[in-house]
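Presented below is the structure to which this report refers.
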Amino acid sequence: MSNKGAWERVQIARKMNRPTAAYYIEKLFTSFLELHGDRNYADDSAIIGGIAMFEGKPVTVIAEEKGKDLSEKQKRNFGMPNPEGYRKALRLMKQAEKFNRPIICFIDTSGAYCGVGAEERGQGEAIATNLMEMMALKVPVVSVVIGEGGSGGALAIGVANRVAMLENAVYSILSPEGFSAILWKDSTKAPQAAGVMKITAEELLSLNIIEAIIAEPEEGAHQDPKMVAEGVREYLNKTLTELTALDGETLSEQRYQRFRSL
Amino acid sequence: MLKDMFQNKKNEKPPVKSTVASPSANIPDKMWVACPGCGRMIYDKLYTQNLKVCPMCGYHIPMSANERIDMVFDKNSFERFEYQIPTSDPLQFPQYKEKLQSYKTKSKLDDAVICGVGSICGIKTAVCVMDNSFMMASMGYIVGESITRTVEYATENKLPIIIFATSGGARMQEGIVSLMQMAKVSGAIKKHSDKGLLYITVITHPTTGGVTASFASLGDVIIAEAGALLGFAGQRVIEQTINQKLPKNFQSAEFALQHGFVDIITQRKKLNDVLWKVLSIHCS
């Protein structure tokens with residue numbers, strides 16, 4: 001692991017040219033078919049969901065997608081999901097459970113979207129329902145934080161049997177800017193906040209919030225996306241081999257105990 | 001008001017105590033109290049008798065957890081769970097332990113929630129009551145762990161559970177550990193629910209952030225006290241995000257009801273009636 005400060009990792013995790021979920025989906029899966037909509041209100045393009053083959057076996061994929069260029073970022077609301085995104089995710093997870101296939105989630109969001117419509121449509125309820133229902137899923141759930149893991153917006157697809165982070169990804173209760181604004185009344189102290197918040201993969205591994213760290217090249221994933229994708233493949237392959245050997249009850253109980261101990 | 005007195009005669013329940021009994025519980029030792037809603041002065045005794053609701057404007061002043069327990073549960077029926085959970089300071093955040101200690105001394109609470117079992121008109125239920133005077137009832141490890149243990153107790157003992165929610169959100173000083181409490185409590189509620197047991201959420205003013213995005217939104221029946229704010233994101237954050245002023249009743253209990261996120265809005269004086277009805281339909 002390279003020796004970088006937390007704020008430096010935040011900058012890398014937010015880099016414009018950092019590979020987003022769509023890149024990993026393209027590299028890791030075959031026959032990916034995107035499925036849209038929450039069957040209730042809308043399709044949220046901040047979350048990509050679908051079915052695919054991974055190493056010859058069917059899986060369901062859920063991913064927060066920030067978009068590559070500016071116009072795609074706008075289309076994807078910069079990766080900040082609305083309630084319908086979380087409801088789509090849950091719909092597809094229940095579908096995965098029905099057909100007994102593992103669920104792979106890629107987390108990359110600065111947070112759930114804060115807007116009037118999001119509140120009107122129950123952002124809090126949507127996240128809460130995912131936390132509750134994901135806990136009981138009878139199939140393996142693996143989440144990988146590939147960039148930013150922003151608070152409830154990340155956790156809403158992060159109630160997994162195993163959680164891994166890319167080396168420069170961050171996962172936090174709030175952005176360092178928000179944290180310093182709330183606790184120190186000064187949002188310019190974000191770099192110092194990042195230093196105390198324990199948001200890096202290494203720190204979160206030592207707090208048992210995650211189980212594994214996937215290596216990145218020195219400058220970050222954008223320097224050699226293929227290498228990082230191979231690391232993710234290897235991790236998912238190994239983890240899913242372990243988890244698919246367990247029965248449904250064991251999987252949901254293991255997931256509960258994982259969070260119960262935190 | 002008069003109309004209210006003649007309603008609901010059909011489902012009459014045994015009489016319950018309707019005043020706040022404990023004189024020690026956070027009531028200022030003054031003759032008059034200023035209403036935060038209309039600013040008018042209320043005679044202290046009248047304010048207490050009226051369950052801390054302003055007799056002039058109807059504003060529901062937040063209650064402490066102890067006052068709430070006195071108001072809701074049958075006399076002498078409440079047993080408090082003393083969990084003795086050690087303080088969590090995962091970030092070793094400067095002055096956090098001292099801050100907690102000063103809140104503990106001031107409030108005589110271990111943290112922002114009181115848990116236990118009690119009876120409402122003879123129906124036994126587990127309960128967690130959050131207290132906004134303790135660090136805005138933010139949820140850190142102790143709050144999450146206390147609620148989880150109480151939900152698990154209810155599951156094991158086949159009891160319903162009522163959670164009185166109020167919260168400023170996650171306990172920032174505990175960082176990611178406070179986020180994980182959301183998943184932990186929600187998981188415990190799922191196990192309780194899967195046993196066919198009843199969970200009632202009472203939304204009290206204000207309920208926001210990570211508590212809204214976890215157990216406060218998961219009740220089989222969600223009751224909001226009149227005037228309670230219920231929302232996920234803070235209003236200032238939303239205004240900054242969308243660069244617009246928010247509508248007047250935004251995130252009010254009425255707003256939540258209109259949009260389908262609470263079952264009932266009730267005046268505080270009718271809360272016991274509503275709780276009893278819901279409990280008696282499920283638990284008798």
Side-chain angles (χ1 to χ4, degrees), chain A residues 80 83 86 111-136 149 151-156 158-160 170-174 178-179 181-183 193 196-199 203-204 207-210 252-253 255-262, chain B residues 90-94 141 144-145 148 152 169-191 193-194 207-218 222 230-235 237-238 240-242 244 246-247 250-251 255-256 258-261:
Chain A
M80 293 180 286
Y86 295 118
Y113 187 60
C114 297
V116 174
E119 296 288 323
E120 287 173 338
R121 300 192 296 280
Q123 188 71 284
E125 189 274 344
I127 295 171
T129 302
N130 279 24
L131 304 183
M132 179 163 96
E133 295 299 329
M134 280 185 83
M135 199 63 92
S151 199
L155 186 63
V159 182
V170 290
Y171 190 7
S172 62
I173 182 66
L174 179 72
F179 186 91
I182 288 180
L183 289 177
V196 301
M197 287 172 73
K198 302 204 173 161
I199 61 178
E203 290 165 318
L204 295 171
L207 286 174
N208 298 321
I209 303 292
I210 63 166
S252 64
E253 186 58 23
R255 201 175 306 120
Y256 182 69
Q257 292 306 333
R258 181 190 186 279
F259 286 90
R260 184 67 192 84
S261 67
L262 298 174
Chain B
L91 307 188
Q92 286 143 340
F93 193 78
Y141 174 73
E145 181 67 18
T148 301
E152 287 178 336
R171 179 82 49 88
M172 293 299 153
Q173 292 87 343
E174 293 185 26
I176 196 92
V177 170
S178 67
L179 186 71
M180 296 300 136
Q181 305 311 308
M182 293 165 59
K184 180 165 76 177
V185 177
S186 302
I189 286 168
K190 177 68 177 165
K191 287 190 164 222
S193 179
D194 285 349
T207 299
T208 64
V211 166
T212 299
S214 61
F215 59 85
S217 295
L218 297 173
I222 303 180
L230 171 63
F232 172 62
Q235 300 202 350
V237 178
I238 300 174
Q240 283 165 2
T241 309
I242 62 170
Q244 277 170 29
L246 294 167
F250 188 67
Q251 295 182 331
F255 177 92
Q258 274 165 18
H259 289 96
F261 295 99

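Order of the sequence lines fixes the chain letters, A, B, ..., with proteins taken first and strands second; residue numbering starts at 1 for each chain. In this text the structure is predicted, and so the values were computed from the model without any measurement.
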Study note, to complete from the structure: Correct closest heavy-atom pair for A:A112 and B:F232 would be CB-CE2, 3.9 Å
Practice item. May I ask you to name which of A:I209, A:L183, A:V196 has the most heavy-atom pairs under 4.5 Å with chain B? Key: A:L183
Point to revise | B:M172 side, atom CE; A:S172 side, atom OG - distance, nearest 0.5 Å | key: 9.5 Å
**Study point:** Any donor-acceptor N/O pair, B:K184 side chain to A:L262 backbone, under 3.5 Å
**Key:** yes
Check your understanding: Does any heavy atom of chain B fall under 4.5 Å from the side chain of A:I199, the backbone, both, or neither of them?
Key -> neither
Point to revise | side-chain contact (heavy atoms from CB on, under 4.5 Å) between B:F215 and A:L131, worked out | key: CA-CA 9 Å; B:F215 59 85; A:L131 304 183; over 6 Å; no
Study note, to complete from the structure: For A:E120 and B:F255, the nearest pair of non-hydrogen atoms, with its separation, is CG-CZ, 3.4 Å
Review point. Looking at B:Q251, B:K190, B:M182, which has the largest count of heavy-atom pairs under 4.5 Å with chain A?
Key: B:K190
**Study point:** A:M135 versus chain B, the contacting section by heavy-atom distance below 4.5 Å
**Key:** side chain
Review point. For the residue pair A:F259 and B:A183, what are the closest heavy atoms and their distance?
Key: CD2-CB, 3.6 Å
Review point. Would you say the side-chain atoms of A:E119 pair up with the backbone N or O of B:A233, donor to acceptor, closer than 3.5 Å?
Key: yes
Check your understanding: Contact part of B:Q244 toward chain A, heavy-atom cut-off under 4.5 Å: side chain, backbone, both or neither?
Key -> neither
Check your understanding: Which answer fits A:T129, side chain, backbone, both or neither, if we ask what part of it has an atom under 4.5 Å from a heavy atom of chain B?
Key -> both
**Study point:** Residues which pass salt bridge (Lys or Arg N to Asp or Glu O under 4.0 Å) with A:E125, listed by chain and number, not counting sequence neighbours
**Key:** A:R87
Review point. Under a 4.5 Å heavy-atom cut-off, does chain B meet the side chain of A:V159, its backbone, both or neither?
Key: side chain
Point to revise | For the student: nearest non-hydrogen atoms of A:V116 and B:L246, plus distance | key: CG2-CD2, 3.5 Å
Check your understanding: Checking B:Q181 against chain A: side chain, backbone, both or neither under 4.5 Å from a heavy atom?
Key -> side chain
Point to revise | Contact summary for B:S217 and A:G124, nearest pair of heavy atoms | key: OG-C, 4.0 Å
Review point. For chain B, which of A:E203, A:Q123, A:M134 has the most heavy-atom pairs under 4.5 Å?
Key: A:Q123
Check your understanding: About how many Å separate CD1 of B:I176 and CG of A:L204, when rounded to the nearest 0.5 Å?
Key -> 5.5 Å
Point to revise | Contacting moiety of B:A256, where chain A heavy atoms sit under 4.5 Å | key: neither
Exercise for review: Show your working on side-chain contact (heavy atoms from CB on, under 4.5 Å) between A:I173 and B:R171 and close with a plain yes or no.
Suggested key: CA-CA 9 Å; A:I173 182 66; B:R171 179 82 49 88; over 6 Å; no
**Study point:** Expected output: side-chain A:K198 to main-chain B:P90 donor-acceptor under 3.5 Å
**Key:** yes
Review point. Which bit of A:R258 is near chain B, if near means a heavy-atom gap under 4.5 Å: side chain, backbone, both or neither?
Key: neither
Practice item. Could you tell me which of B:T241, B:T212, B:L218, B:V177 has the largest number of non-hydrogen atom pairs under 4.5 Å with chain A? Key: B:L218
Check your understanding: Using non-hydrogen atoms only, which part of B:Q240 is less than 4.5 Å away from chain A: side chain, backbone, both, or neither?
Key -> neither
Practice item. Show your reasoning for whether side-chain contact (heavy atoms from CB on, under 4.5 Å) applies to A:E253 and B:K191. Key: CA-CA 10 Å; A:E253 186 58 23; B:K191 287 190 164 222; 2.5 Å; yes
Review point. Hey, are the side chains of A:R121 and B:H259 touching, using non-hydrogen atoms and a 4.5 Å cut-off?
Key: no
Review point. So which of B:P94, B:A188, B:G169 has the largest heavy-atom pair count under 4.5 angstrom toward chain A?
Key: B:A188
Point to revise | Which portion of B:L91 sits near chain A, non-hydrogen atoms under 4.5 angstrom | key: both
**Study point:** Inter-residue atom distance B:S186.OG - A:E133.CD, 0.5 Å rounding
**Key:** 10.0 Å
